[in-house]
Amino acid sequence: MELFNRLKKHYREGLPFVLYRKPGSSVCTALMQNSDSLDTTVDFSETGFVMAPFSEGLPVIRVRPDEVLTEKIRTAGDRMPFSRFMEHSGQSGKAEYIDRVRKALEVIKAKELQKIVLSRKISINLKPDPFYTFQVLLRQFPEAFCYFLYHQKTGIWMGASPETLLRYGKDEISTVSLAGTQKAVKGMDPVWSTKEKKEQAYVTRFIEQALDGLAGSLDISGTETAKAGNLLHLKTVIRAGDLKAGLRQFIHALHPTPAVCGIPADKARAYLLANEGYPRAYYTGYLGELNWNEDRNSHLFVNLRCMNLLDDQVHVYVGGGLVEGSDPEQEWQETVNKSESMLHLFRNSAEGLG
Ligand SMILES: C=C(O[C@@H]1C=C(C(=O)O)C=C[C@H]1O)C(=O)O
């Protein structure tokens, strides 16, 4: 755990860093800055690790790779069962959220919008050890993109994203369409409803249209079930070749996808900014490697299943897509299920609090 010890020292000195592990990998990479300056990207031609917010108002942070370390991390061992830890705190804010869901469904019914991805922030008073929490996260989400980013300006952001926004190479890009959520039950094959399939197909169609004109060839995979911690989603992989645009144009075409915002995107974003009742900050933004290694590939993920660790508070961010026919109670439950996948990481820390 040499890497963790180095980063703990860096953190104590107040210097920015990001530590991450790609899906299915056992290697963690750390990018460390040797000064506490806030760097950004002007045109996405720079190198490093970027973290962009959901919408304007916050900087796109770029962690400079002044020093880069990698280490194979052993996270084998049983995953902890996903507990119903903190169910009590999970219930607070229910009436308000259901009210917001109802209002959004009225807007959908009036055909003003086709889909709205509503979300909420759960705040708990807790001061967990971030390095310990990240180790648990790595163990619990082997199939996710796990990251731990620290900057004085933002505090700690940490998460386990199941969703690639954009994988960008010289000759090919790929992205995914992810939607529909249900709890994973051991030994049971999931059954997806027509509504869930339709919701996910909307996202695929949006991506197809967004890429129109930016690439000469498009390949859309079949749809399959993807696991993310204790949850399952429907997923389609979209690949495009014969590229006619650069990284920046692809990012702008894809972010925010209807998996995290809505349809039509601009109207849905305006609706959320006016009606969601809290600022999303970096949740549902995107983050990842920018022009990395010799081949200068970029690999960006949607910032989902994430949290912001501040001095003695943790904010956990969760949401879900609403379409015509969505049920407010079920939508609430979906956010509870998503929050459990994060909150149970603190089981041991919370026990320590007494
Ligand atoms: C918005 C979130 O997740 C997104 C919404 C989903 C849905 O509506 O079913 C599924 C996966 C994500 O694309 C979240 O996890 O907070």
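Scope of the values below: all heavy atoms of this structure, side chains included, with no hydrogens, waters or symmetry mates. Each residue takes its place number in the sequence, starting with 1.
- Cluster membership for Val60 and Tyr283, using ILVMFWY side-chain heavy atoms within less than 4.5 angstrom, is shared.
- Residues Val203 and Ile116 fall into different hydrophobic clusters, defined by Ile, Leu, Val, Met, Phe, Trp and Tyr side chains chained together at heavy-atom separations under 4.5 Å.
- Val107 is not listed as a side-chain neighbour of Lys103, based on a closest heavy-atom distance of 4.5 Å or more.
- Dense packing is recorded around NZ of Lys22, with more than 12 heavy atoms of other residues, nucleotides or ligands lying under 6.0 Å away.
- At least one donor-acceptor pair under 3.5 Å links the side chain of Lys267 to the backbone N or O of Glu112.
- Distance check: Asn303 CG to Glu163 CD gives 11.0 Å after rounding to the nearest 0.5 Å.
- By the rule that hydrophobic residues join a cluster once side-chain heavy atoms approach within less than 4.5 Å of another member, Val117 and Ile122 end up as members of separate clusters.
- Contact of the Leu214 side chain with the Lys244 side chain is not registered, since no non-hydrogen atoms from C-beta on lie closer than 4.5 Å.
- Aromatic ring pairs are classed by plane angle as parallel below 30°, tilted from 30° to 60° and perpendicular above 60°; the pair Tyr317 and Tyr278 is tilted.
- A distance of 11.0 Å separates CG in Leu165 from OG in Ser298, rounded to the nearest 0.5 Å.
- A donor-acceptor pair under 3.5 Å is absent between the side-chain atoms of Ser161 and the main chain of Phe145, judged by distance alone.
- In this structure, Leu272 is not a member of the same hydrophobic cluster as Leu58, with clusters built from ILVMFWY side-chain heavy atoms closer than 4.5 Å.
- A side-chain donor-acceptor contact under 3.5 Å links Gln200 to the backbone of Ser177.
- Between atom OG of residue Ser221 and atom NZ of residue Lys235 there is a gap of 8.5 Å, rounded to the nearest 0.5 Å.
- Contact check for Leu38 versus Ile61: side-chain heavy atoms found under the 4.5 Å cut-off.
- Residues Phe250 and Thr175 are not in side-chain contact: their nearest non-hydrogen atoms beyond the backbone lie 4.5 Å or more apart.
- A donor-acceptor distance shorter than 3.5 angstrom exists from the side chain of Tyr97 to the backbone of Leu118, with no hydrogens or angles considered.
- A distance of 11.0 Å separates CD in Glu71 from OG in Ser26, rounded to the nearest 0.5 Å.
- A donor-acceptor pair under 3.5 Å is absent between the side-chain atoms of Lys195 and the main chain of Ser326, judged by distance alone.
- Each of Leu254, Val176, Ile207 was compared with Ile238 under the side-chain contact (heavy atoms from CB on, under 4.5 Å) criterion, and only Ile207 meets it.
- The aromatic rings of Tyr286 and Phe44 are tilted relative to each other, their planes meeting at an angle between 30° and 60°.
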Report task. In sequence, state the C-alpha distance, the side-chain angles, and the governing distance for Phe54 and Cys261, and then conclude on side-chain contact (heavy atoms from CB on, under 4.5 Å). Result -> CA-CA 9 Å; Phe54 171 65; Cys261 181; 4.1 Å; yes
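- Each of Val323, Leu322, Asp327 was evaluated against Leu105; a single residue qualifies, Leu322, per the side-chain contact (heavy atoms from CB on, under 4.5 Å) test.
- Residues Glu106 and Arg102 are not paired through a salt bridge, judged by the lack of any N-O separation under 4.0 Å between the basic side chain and the carboxylate.
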Query - Gln140 and His344: CA distance, side-chain angles, deciding distance, side chain to side chain donor-acceptor pair (under 3.5 Å) verdict - result: CA-CA 10 Å; Gln140 296 293 112; His344 88 287; 2.8 Å; yes
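- Of the possible polar contacts, none joining the Ser37 side chain to the Asp39 backbone as a donor-acceptor pair under 3.5 Å is found.
- Within the 4.5 Å cutoff, no side-chain heavy atoms of Thr257 are placed close to those of Val302.
- We find the CE-CZ distance between Met51 and Phe301 to be 15.5 Å, quoted to the nearest 0.5 Å.
- In this structure a side-chain-to-backbone donor-acceptor pair under 3.5 Å is missing from His255 to Ser55.
- Side-chain contact check for Arg120 and Thr335: at least one donor-acceptor pair (N or O, by modelled atom type) lies under 3.5 Å.
- Heavy-atom neighbours of Lys8 NZ from other residues, nucleotides or ligands within 6.0 Å: above the threshold of 12.
- Among residues two or more places apart in sequence or in another chain, the salt bridge (Lys or Arg N to Asp or Glu O under 4.0 Å) test is passed with Glu294 by none.
- Annotation for Asp43: atom CG counts as buried by contact number, over 12 foreign heavy atoms lying within 6.0 Å.
- Judged by distance alone, the side chain of Asn308 and the main-chain N or O of Val316 form no donor-acceptor pair under 3.5 Å.
- Glu208 meets the side chain to side chain contact (heavy atoms under 4.5 Å, CB included) test with Leu218, Ile220; sequence neighbours excluded.
- Salt-bridge annotation for Lys111 and Glu324: present, with a side-chain N of the basic residue lying under 4.0 Å from a carboxylate O of the acidic one.
- Ile124 is connected to Met158 through a chain of hydrophobic side-chain contacts under 4.5 Å among Ile, Leu, Val, Met, Phe, Trp and Tyr, so both are in one cluster.
- Under a 4.0 Å N-O distance rule, the pair Glu329/Lys94 qualifies as a salt bridge.
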Query raised in the report: Taking it one step at a time, do Thr284 and Leu304 satisfy side-chain contact (heavy atoms from CB on, under 4.5 Å)?
Result: CA-CA 6 Å; Thr284 61; Leu304 292 174; 3.9 Å; yes
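- Side chain of Asn291 to backbone of Glu46: a donor-acceptor contact under 3.5 angstrom is found.
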Query raised in the report: Taking it one step at a time, do Asp295 and Lys170 satisfy side-chain contact (heavy atoms from CB on, under 4.5 Å)?
Result: CA-CA 8 Å; Asp295 48 18; Lys170 200 161 49 63; over 6 Å; no
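- With respect to the salt-bridge test (charged N to carboxylate O, under 4.0 angstrom), the residues Lys115 and Glu199 qualify.
- Asn34 has its side chain within reach of Arg64: a pair of non-hydrogen atoms, C-beta onward, lies under 4.5 Å apart.
- For the residue pair Thr47/Arg296, the side-chain donor-acceptor check at 3.5 Å is satisfied.
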**Report entry** Worked verdict on Ser123 versus Gln313 for side chain to side chain donor-acceptor pair (under 3.5 Å)
**Finding:** CA-CA 7 Å; Ser123 301; Gln313 259 208 330; 4.7 Å; no
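- With Phe148 as the partner, the ring-ring contact (aromatic ring centres under 6.0 Å, His included) test is satisfied by one option alone out of Tyr132, Tyr20, Phe131, Phe49: Phe131.
- Ring geometry for Phe17 versus His10: interplanar angle over 60°, hence perpendicular rather than tilted (30 to 60°).
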Query raised in the report: Please walk me through it: do Leu7 and Met32 pass side-chain contact (heavy atoms from CB on, under 4.5 Å)?
Result: CA-CA 8 Å; Leu7 288 174; Met32 298 152 80; 3.7 Å; yes
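- Salt bridge status for Glu2 with Arg6: absent, with no side-chain N to carboxylate O gap under 4.0 Å.
- No more than 12 heavy atoms of other residues, nucleotides or ligands shown are found within 6.0 angstrom of NZ on Lys109.
- At a cut-off of 3.5 Å, with distance as the only test, a side-chain donor of Thr223 or Thr236 sits close to an acceptor on the other residue.
- Of the inter-residue distances, the one linking Asp189 atom CG with Thr225 atom OG1 reads 8.0 Å to the nearest 0.5 angstrom.
- Residue Leu232 belongs to a hydrophobic cluster whose other members are Trp192, Leu234, with links defined by side-chain heavy atoms closer than 4.5 Å.
- A donor-acceptor contact shorter than 3.5 Å links the side chain of Glu276 to the backbone of Ser119.
- Counting non-hydrogen atoms of other residues, nucleotides and ligands closer than 6.0 Å to CZ of Arg167 gives a total of 12 or fewer.
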